[in-house]
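Input: a single structure, listed below in structure tokens.
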Number of protein chains: 2
Amino acid sequence: MKIKKKEVEQRMKYFETVCHDKGIKLTHQRMEIFREIAQTEDHPDADRVFQRVRGRIPTVSLDTVYRTLWLLKDLGLVVTLSSSRERTRFDANLQTHHHFVCEQCGFTRDFFSDDLDTIRLPDSVGSLGEIKATHVEVRGICRKCAENRKHIGPNALYP
Amino acid sequence: MKIKKKEVEQRMKYFETVCHDKGIKLTHQRMEIFREIAQTEDHPDADRVFQRVRGRIPTVSLDTVYRTLWLLKDLGLVVTLSSSRERTRFDANLQTHHHFVCEQCGFTRDFFSDDLDTIRLPDSVGSLGEIKATHVEVRGICRKCAENRKHIGPNALYP
DNA sequence: TTTAATGCAAAAGATTTGCAACATG
DNA sequence: CATGTTGCAAATCTTTTGCATTAAA
């Protein structure tokens with residue numbers, strides 16, 4: 001599904017502003033890679049972005065796509081589905097439950113809530129398909145990572 | 001964090017029952033791999049399971065761990081965090097929103113809900129760390145996949 | 001004894017890195 | 001023009017597969 005042209009233009013403008021403010025060069029590749037994500041609602045992965053951008057810049061390389069994607073994430077211009085650069089993780093707890101995940105170190109802990117288990121979803125969701133399960137993912141910074149940051153100072157990128 | 005011994009025993013019992021009922025052989029490796037996930041709350045990935053099981057079965061191989069993990073998932077004995085065997089996917093929508101994900105094909109669509117954006121989390125969550133974002137992941141089967149299943153019949157494993 | 005499961009080694013996939021050439025500001 | 005960015009090729013990491021051997025039922 002396509003995002004409205006006007007919205008895409010706004011996203012591009014914002015992208016350009018952020019890059020300019022942070023002294024990040026606005027290359028042809030970066031613009032097309034960002035545009036690709038900005039103009040679709042289907043949340044492509046790196047390879048899909050690569051395939052599509054290649055249609056417009058035939059010489060673009062996959063590693064540039066990867067580098068740009070993580071850059072965009074660091075700049076806060078895109079978000080990732082499924083927390084981070086993580087491998088698949090397994091859980092033997094079959095009760096309905098939810099997760100807190102640390103964005104920094106991947107620390108994950110279950111939590112339980114009857115309220116959350118019974119949340120009502122908008123009707124529009126039901127029309128997308130048959131719903132099997134609903135669960136809540138809370139992303140944050142765990143205590144240990146917060147503690148480390150304090151010691152190192154607020155500007156440390158990787159504690 | 002460790003799961004209570006009694007709970008682990010129950011999970012093991014259930015695992016053994018399911019394997020027996022489905023005619024799946026109860027090998028030493030499978031038992032230790034399942035036990036590893038059943039006895040911890042930290043949701044290990046394949047390699048972490050491998051490292052830990054290796055402490056007890058030094059000759060176990062990583063590919064057996066992978067095969068067993070996916071088998072356990074097919075049997076419904078474990079669940080995976082972050083939907084499926086997917087690569088990281090990117091999203092330029094910075095508004096708070098939620099996702100419907102098809103378990104079969106990975107089809108993903110945003111949805112919005114003021115109710116969900118303001119859900120109240122149990123206090124226990126706050127004690128795990130600083131909360132940055134909360135979002136709801138709905139897993140299901142999209143209409144297209146449901147349609148395909150119908151044509152092929154209810155027993156088709158992979159339409 | 002029969003059949004499925006394992007371990008090995010190798011293949012296939014995905015992502016990252018070093019470096020010379022190049023483009024942006 | 002200076003520096004950051006790209007593309008390439010190669011390295012690295014993760015996951016899967018084919019096949020002979022082994023073990024469960």
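Each chain gets a letter, A, B and so on, in the order its sequence line appears, and its residues count up from 1.
- The pair B:D42-B:R52 meets the salt-bridge criterion, since a charged nitrogen lies less than 4.0 angstrom from a carboxylate oxygen.
- Put simply, CD on A:E32 is 13 Å from P on C:dT24, counting in whole angstrom units.
- Protein atom CG of B:L71 is 10 Å distant from nucleotide atom C1' of C:dA5, rounded to whole Å.
- Here the C1' atom of nucleotide D:dT16 and the CZ atom of B:F50 are 15 Å apart, to the nearest Å.
- Between B:S61 and the phosphate of C:dT6, there is no side-chain N or O to OP1/OP2 separation shorter than 4.0 Å.
- To the nearest 0.5 Å, atom CZ of residue B:F90 and atom CG of residue A:L69 are 3.5 Å apart.
- The CZ-P distance, from A:R30 to D:dG7, rounds to 11 Å in whole Å.
- To the nearest 0.5 Å, atom CZ of residue B:R67 and atom CD1 of residue B:I33 are 10.0 Å apart.
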Contact state string [nucleotides 18-25 of chain D, B base, S sugar-phosphate only, - no protein heavy atom under 4.0 Å] | B-----BS
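- Remark: A:E9 does not engage A:K13 in a salt bridge, criterion side-chain N to carboxylate O under 4.0 Å.
- Checked by atom type, the side-chain pair B:D117/B:H98 shows a donor-acceptor distance below 3.5 Å.
- Following rounding to the nearest Å, B:W70 (CH2) and D:dT17 (C1') show an atom-to-atom distance of 16 Å.
- Residues of residues 37-47 of chain A having a heavy atom closer than 4.0 Å to DNA chain D: none are found.
- In summary, the aromatic rings of A:H135 and A:H97 are positioned with their centroids too far apart to meet the 6.0 Å limit.
- Counting heavy atoms of neighbouring residues, nucleotides and ligands inside a 6.0 Å radius, atom CZ of B:R56 exceeds 12 of them.
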